[in-house]
Every structure is written in structure tokens, then in C-alpha cells.
Amino acid sequence: MEFTSSGLGTFTTSFPTRSADAADGTTSPEEMIAAAHSACFAMQLSAVIGESGGTVKKLDVTAEVGLGPDDPGFKLTGIALTLRGEVDGMDADAFATAARTAKEMCPVSKALAGVDITLDAQLA
């Protein structure tokens, strides 16, 4: 099965490799959600930091999306956002506050409101 989006690329998806350790170049909807969520959160956080007077030097964001059984089928079991950042003009508390605010404002976070989303945010 192929999934195409926005003309930027074609991605091969496969149900048997959805949770395999070695996916051999295929992806899953969960990986695409993780990519979209981490990118959206990073952009929102950059805006929040700028509005707060800070200057982003580097943001490293990852998202891990869990998939588990449901009746019927499957469901997303949670999303873990991990953030490490280098920011001028903010201490650790202000950075953590900005990260929590960005998580709440992020359109992808809002779209996934039915899934438990955790956040581990630290200045590097």
C-alpha cells in the first residue's frame, strides 16, 4: 500500500511491518503522526519562546507514538514528546513553562486530544 501526501513524497506502508523492529524502508501512520507532532510542536514552541523574549539556538524534539489493541482494532495508546533545547534569555523554569504552553497551543496536540500526551522538556 502506498500513501502520498502533498507531492513531497510517496511513503510505503505495510501492516506486517507496522510494529516490526526492522521495517525495511516502510513506515506507519504512527511514525507519520510522530513526525507531524514533533515538527508542529517545535514550530509552536519557537513562536512561544520568541514572544517571551527568548532566542532559540537549537530545539531537538522527538515524539514516540504508541499503538495498542482496542475493541475493535487498534488505538493510539500515548504520545511521548521529548524536548532538549538551547535557548538564550530563558532559565529552566521559563523554558518548561514555554514548552507546556506550546504543547497546549500546538494544532496537532489539539487534534490528538483524545490521546495521553506527555512532555519531557529540558534545557541542554
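The analysis underlying the following values was restricted to heavy atoms, covering all of them including side chains, and did not include hydrogens, waters or symmetry mates. One-based numbering along the sequence shown.
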How close do Ala34 and Ala63 get, heavy atom to heavy atom, and via which atoms?
-> CB-O, 3.2 Å
Of all pairs that satisfy salt bridge (Lys or Arg N to Asp or Glu O under 4.0 Å), the ones with a partner from residues 85-95, not counting sequence neighbours | none
Can you pull the salt bridge (Lys or Arg N to Asp or Glu O under 4.0 Å) pairs that have at least one residue in residues 98-116, sequence neighbours excluded?
-> none
State the OG-CG distance between Ser28 and Leu67, to the nearest 0.5 angstrom.
-> 8.0 Å
Find the distance between CG (Leu81) and CG (Leu119) and round it off to the nearest 0.5 Å.
-> 6.0 Å
Is Val48 isolated, or which residues cluster with it under the ILVMFWY side-chain rule of less than 4.5 Å, directly or via members?
-> Met105
Could you list all the salt bridge (Lys or Arg N to Asp or Glu O under 4.0 Å) pairs where at least one residue sits in residues 63-84, not counting sequence neighbours?
-> Arg84-Asp120
Can you list every pair that meets salt bridge (Lys or Arg N to Asp or Glu O under 4.0 Å) and has a residue in residues 44-56, with sequence neighbours left out?
-> none
The reported gap from CG in Leu83 to CG in Asp60 (rounded to nearest 0.5 angstrom) is 8.0 Å
Apply side chain to side chain contact (heavy atoms under 4.5 Å, CB included) to the pair Leu45 and Leu59, showing each step before the final yes or no.
-> CA-CA 9 Å; Leu45 178 58; Leu59 296 176; 3.9 Å; yes
From CA spacing to verdict: side chain to side chain contact (heavy atoms under 4.5 Å, CB included), Thr62, Ser38 | CA-CA 6 Å; Thr62 60; Ser38 59; 5.8 Å; no
How far apart are the closest heavy atoms of Gly54 and Met90, and which atoms are they?
-> CA-CG, 4.4 Å
Given side chains that start at C-beta, do those of Ile79 and Leu112 come closer than 4.5 Å, heavy atoms only?
-> yes
Hey, what do you get for OG1 (Thr77) to CD (Glu30), rounding to the nearest 0.5 Å?
-> 9.5 Å
Indicate yes or no: at least one non-hydrogen side-chain atom of Thr55 is less than 4.5 angstrom from one of Val87.
-> no
Val61 versus Ala42, closest heavy-atom pair with distance = CG2-CB, 3.9 Å
CD1-CZ distance between Ile49 and Phe95, expressed to the nearest 0.5 angstrom | 5.5 Å
How would you list, by chain and number, every residue that makes a side-chain hydrogen bond (donor to acceptor under 3.5 Å, both in side chains) with Ser109, sequence neighbours excluded?
-> His37
For the atom pair CZ (Phe41) and CD1 (Ile117), what is the distance rounded to the nearest 0.5 Å?
-> 10.0 Å
Which atom of Gly78 lies closest to which atom of Val115, heavy atoms considered | CA-CG1, 3.6 Å
